[in-house]
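Excluded from the calculations below are hydrogen atoms, water molecules and symmetry mates; all remaining heavy atoms, backbone and side chain alike, are included. Quick note on labels: first sequence line is chain A, next is B, and so on, each numbered from 1.
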2 protein chains.
Amino acid sequence: MKFSKVPEATIRRLSTYVHHLEVLEKNGEVVVSSANLARSCGVNAAQVRKDLAYFGEFGIRGVGYYIKDLADNIKTILGLNREWRVAIIGIGNLGASLLLYKEFFKNNYKIVAAFDLNPAEVAGRVSERTGKPVEILHPDRLKEVAKDRRIDIAMITTPASEAQKVADLIAQTTIRGVLNFTPAQIQMPKGFEVKNYFFTAVLDNVAYLLRWKRR
Amino acid sequence: MKFSKVPEATIRRLSTYVHHLEVLEKNGEVVVSSANLARSCGVNAAQVRKDLAYFGEFGIRGVGYYIKDLADNIKTILGLNREWRVAIIGIGNLGASLLLYKEFFKNNYKIVAAFDLNPAEVAGRVSERTGKPVEILHPDRLKEVAKDRRIDIAMITTPASEAQKVADLIAQTTIRGVLNFTPAQIQMPKGFEVKNYFFTAVLDNVAYLLRWKRR
DNA sequence: GGATGTGAAGTCGTTCACAGCT
DNA sequence: AGCTGTGAACGACTTCACATCC
């Protein structure tokens, strides 16, 4: 298979399709039409069909889509049928939250390492919250640990001012995916997949919309 | 002023321009060209100029943009020059993290209330972490408190299965902006500004890109 | 000279509308 | 009859290229 040019927006929507298909499945539904799935995901029905069409034909004309079947197919497309090994770098408030927030992760993501400049202090603080000992490593060990533990994706949750230093460290490892939670724009060599996820930008967007509401 | 049709992507970028302008200002820079700002934000220079052109003329030909001036202008456009009063609904791991993560908020966002179905238990758990007493309210009181404390924006950090119930409660209040951190698609009446911000969708996107990397 | 502001061109994504299956 | 799959129309956003102004 070779999916030449799939819009990024399509990929984002596929994630939400999976979530809603799982809800439908849990409710005992068996088939769903593009129109229904579209409604619950807040998109256009043609959009659903187009998104799926990038990857094959999963429906039955006159009927719809078998829910379990479609969910499995999308998971395979997205790579959610395999385990992804994740590291968290920077265990402040956000990093610690991600570290503890097991529910946040579907079972295909697994946190296999956590790094911070003050391993001992941070480990103490976190394990106080959990009651269990927690392993926090110094970023010096990133390269070695990334290899040993086969880390696929790093999540950067340091202060913005440290983000580029972390990115430089990551560039020297076998890690190839990065999710950057800081507002800093990080530079990485070709071949790395980097996504930014800075939540106040979205908050600013809400503020803007409220700001210019007529009334 | 009336900004008929500004792309949402433009608004998102304006947030990042502000961040980078503030970094430049802190470094003692005075003027910046669209080309330089664009580079540090990872976008095209024409894009920067187009984005700004939606709102006016802020630059000087042959020179560039005065950094402080431009930052102030963008903040005014986005509504970041006024205080926005925020509530967090659902104080689990993520909600608690947002509640405590003061640095996450620029000074124009202020958390003025936190809600959870188990106020007493949750308040105990959170204040254990901070050492200070923390007020957690039952969602029953949302309408009353929203009015008294003039809440502008609600952040939903409950489990996905509760999100619609929360949305229904919000619909009855004076709150008009919502940031939904759950994967559920919430339905709200006209006149509400809702943005979804579900982080595993972005993680899935990274996984997808890694999945289909040739090699 | 040099960088902005902007029409025009280009690219990308969404929606329509209907042919084609079941 | 109903719903998918898809070419074609449409619309939106981005990039180019250059006239304009400091």
Test salt bridge (charged side-chain N to carboxylate O under 4.0 Å, His left out) applied to [X] - qualifying residues, sequence neighbours left out:
X      : value
A:K143 : none
B:E83  : B:R85
A:K165 : A:E162
A:K68  : A:D72

Side-chain N or O of B:Y54 less than 4.0 angstrom from OP1 or OP2 on D:dT14? no

Could you give the side-chain donor-acceptor pairs of residues 189-198 of chain B under 3.5 Å, partners two or more places apart or in another chain?
unit_1	atom_1	unit_2	atom_2	d
B:E193	OE2	A:K213	NZ	3.3
B:K195	NZ	B:E8	OE1	2.8
B:K195	NZ	B:E8	OE2	2.9
B:N196	OD1	B:N180	ND2	2.9
B:Y197	OH	A:Y197	O	3.2
B:Y197	OH	A:F199	N	2.9

Salt-bridge criterion met for B:R82 and B:D152 (N-O under 4.0 Å): yes

Residues in side-chain contact (heavy atoms from CB on, under 4.5 Å) with A:T10, at least two apart? A:V6, A:P7, A:R13, A:L14, A:D51, A:Y54, A:F55

Listed by chain and number, what are the side-chain contact (heavy atoms from CB on, under 4.5 Å) partners of A:V63, not counting sequence neighbours? A:V31, A:I60

Distance-only check: which donor-acceptor pairs under 3.5 Å involve side-chain atoms of residues 154-161 of chain A, not counting sequence neighbours?
unit_1	atom_1	unit_2	atom_2	d
A:T157	OG1	A:I89	O	3.1
A:T157	OG1	A:G90	O	2.5

Atom pairs under 3.5 Å: protein N/O with N/O of nucleotides 18-22 of chain D:
unit_1	atom_1	unit_2	atom_2	d
D:dT20	O2	B:R61	NH1	2.6
D:dC22	O4'	B:R61	O	3.4

Need one value for B:A9: base, sugar-phosphate or nothing, where a base atom within 4.0 Å counts as base even if backbone is also close, heavy atoms only. sugar-phosphate

Donor-acceptor list for residues 18-26 of chain B side chains, cut-off 3.5 Å, not counting sequence neighbours:
unit_1	atom_1	unit_2	atom_2	d
B:E22	OE2	B:K75	NZ	3.0

Residue mapping more 5' on DNA chain D - nearest nucleotide basis, A:L52 or B:E8: A:L52

Quick check for you: name the first and last nucleotides of DNA chain C, 5' to 3', having an atom under 4.0 Å from a heavy atom of chain A. C:dG13 to C:dT22

Contacting residues from residues 17-45 of chain B, given that a heavy atom lies under 4.0 angstrom of DNA chain C: B:S33, B:S34

